[in-house]
Amino acid sequence: MAQPFQAVQVSDHVYWVGVVDWSVRDFHGYLTSRGTTYNAFLILGEETLLVDTVKRPFKEEFFSRIGSVIDPAKIDYIISNHSEMDHSGSLPETLEKVKPKKVYASKNGVKALREHFNYCGPLEEVKNGCQLTLGGLRLSFFETRLLHWPDSMVTYLKEDGVLFSQDAFGMHLASSERYADQMEDGVLYHEAAKYYANILLPFSPLIQKFLKQLPELELDIQLLAPDHGPLWREDVTRPKKWYEGWASQTPTKKAVVVYDTMWESTEKMARAVSEGLLAGGASVKVDKLRVAHRSDVATDILDAGALVVGSPTLNNGLFPTLADCLCYLKGLKPKNLQTAAFGSYGWSGEAVSELERLLEEMGLETAAEALKVQYVPDGEALQNCFEWGKAIAEKLG
Ligand code: FEO
């Protein structure tokens, strides 16, 4: 059908009907430098199914893409794998147009959709492992609680071997190509890691459990279709292997130095500490928070063994960028990181003890006593910073 936006057929029965959001840069506090996609899928059998919708501002484009294949009013069923608004935002208008025979969701999904949208239409819970034949096609549903919300589930279409994995195995990456094998490896790895670090890290124990169960489900996955970023049709196990590594949070000999500065004294310390870390055998990433975004710091610590933070004292407390970043990192619940705090001060110097308190609240181990310098660090103070960094690196495995 003539439409400005066209669906893309991705398997015998499945069409991609999502949207590309080229310009989003803030995804609830996460810097999405490469934009994102909101993937939704039509399944065409003897009847028609829709898997998820898109963020609300893109609803017209979404309906146009569906309309390139079928009149949206002819959709019979909707499957809601995840009710967060980037996937359910267009659901109210979709329900109005489609008037589906049924909407399927997990138990928590049913509750979330009722409460988000006050939806009173036919909404049915699918239990973990439940199998249904719809439109002559066999579908199975598996709960993936907290991957990424309590309602999350994945849907498997047996005929085509497609796993609709919603947030799981996704990434924020806008592109005109639909498949991972059409994209650069380094970009894929970085964006998948950034997504894991900023969205999924707190749920790592549950993810490990899910990854362990996945082979037992005996799914013959030919196409892995997440709700963000590219689809995987070759080497579909690759993102699973990445997740196994990230979920284990195995510490490495990498140190991330995160700091900000007022009059360059803490910056001088950060540079000398970094040299010491390097001399002690660590690989080092330095993030100055005036230019580094909190979500990039979260990505940097995903495969690190140490988090070393520095702040000057401002108005008897932390420099605000450090407070922002540590509040964000605390919520992501990183594990197996050794930590240490440093900073310069003029009069009272409370920032460093405040850093120590916050790191302790994160439940992370301390690698070294805090290091403070009054006013501007001289040669001797910088040598101490170097030795301090070196000693921290030597503690890393
Ligand atoms: Fe892409 Fe948790 O939503």
Side-chain angles (χ1 to χ4, degrees), residues 16-41 50-59 61-62 78-92 94 103-113 115-117 141-155 162-175 178 180 188 191-207 210-211 224-232 239 242-243 246-247 295 298-299 328 331-333:
W16 175 84
V17 290
V19 297
V20 182
D21 187 350
W22 294 99
S23 51
V24 64
R25 290 293 179 272
D26 184 336
F27 194 93
H28 54 54
Y30 163 168
L31 175 68
T32 47
S33 309
R34 291 187 169 98
T36 194
T37 68
Y38 312 108
N39 299 334
F41 303 92
L50 174 67
V51 182
D52 289 327
T53 72
V54 301
K55 203 171 168 184
R56 194 157 188 272
F58 299 96
K59 61 181 188 295
E61 196 172 310
F62 168 60
I78 296 176
I79 295 166
S80 171
N81 276 333
H82 180 23
S83 58
E84 191 165 11
M85 284 71 87
D86 46 335
H87 311 297
S88 68
S90 301
L91 193 58
T94 307
V103 178
Y104 293 101
S106 68
K107 182 179 178 183
N108 285 320
V110 167
K111 186 169 179 284
L113 293 177
E115 291 180 6
H116 271 90
F117 304 114
F141 307 90
F142 304 99
E143 282 189 3
T144 51
R145 273 184 210 186
L146 289 170
L147 210 167
H148 156 234
W149 272 12
D151 66 292
S152 295
M153 65 174 195
V154 298
T155 299
V162 180
L163 184 69
F164 302 99
S165 63
Q166 45 91 34
D167 279 349
F169 309 120
M171 66 185 78
H172 288 312
L173 175 57
S175 63
R178 295 279 61 83
L188 289 172
E191 293 303 338
K194 187 168 186 180
Y195 189 90
Y196 189 94
N198 284 276
I199 304 277
L200 299 175
L201 187 66
F203 314 116
S204 291
L206 289 168
I207 289 166
F210 171 64
L211 294 175
L224 181 61
D227 272 359
H228 296 291
L231 317 186
W232 296 79
W242 290 345
Y243 272 38
W246 298 326
S295 55
T299 313
Y328 186 76
L332 295 173
K333 300 185 175 62

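By convention here, the first residue in the shown sequence is residue 1. These numbers come from the heavy atoms of this one structure, side chains and all, not from hydrogens, waters or symmetry mates. Note that ligands are numbered from 1 as they come in the structure, with each ligand's atoms numbered from 1 the same way.
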* Structure fact -> residues 22-40 vs salt bridge (Lys or Arg N to Asp or Glu O under 4.0 Å), sequence neighbours excluded, gives Arg34-Glu191

* Number of protein N, O or S atoms [distance to atom 1 (Fe) of ligand 1 under 2.8 Å] -> 4

* Asked: What residues, two or more places apart in sequence or in another chain, satisfy salt bridge (Lys or Arg N to Asp or Glu O under 4.0 Å) together with Glu143?
  -> Arg145

* Does a donor on one side chain sit under 3.5 Å from an acceptor on the other, for His228 and Asp86? -> yes

* **Polar side chain donor-acceptor pair, His82 to Asp167, under 3.5 angstrom** => yes

* Indicate whether any N or O donor in one side chain lies under 3.5 Å from an N or O acceptor in the other, for Ser204 and Tyr196. => yes

* To do: Could you tell me which residues satisfy side chain to side chain contact (heavy atoms under 4.5 Å, CB included) with Ser80, sequence neighbours excluded, listed by chain and number?
  => Asp52, Ala105, Leu113

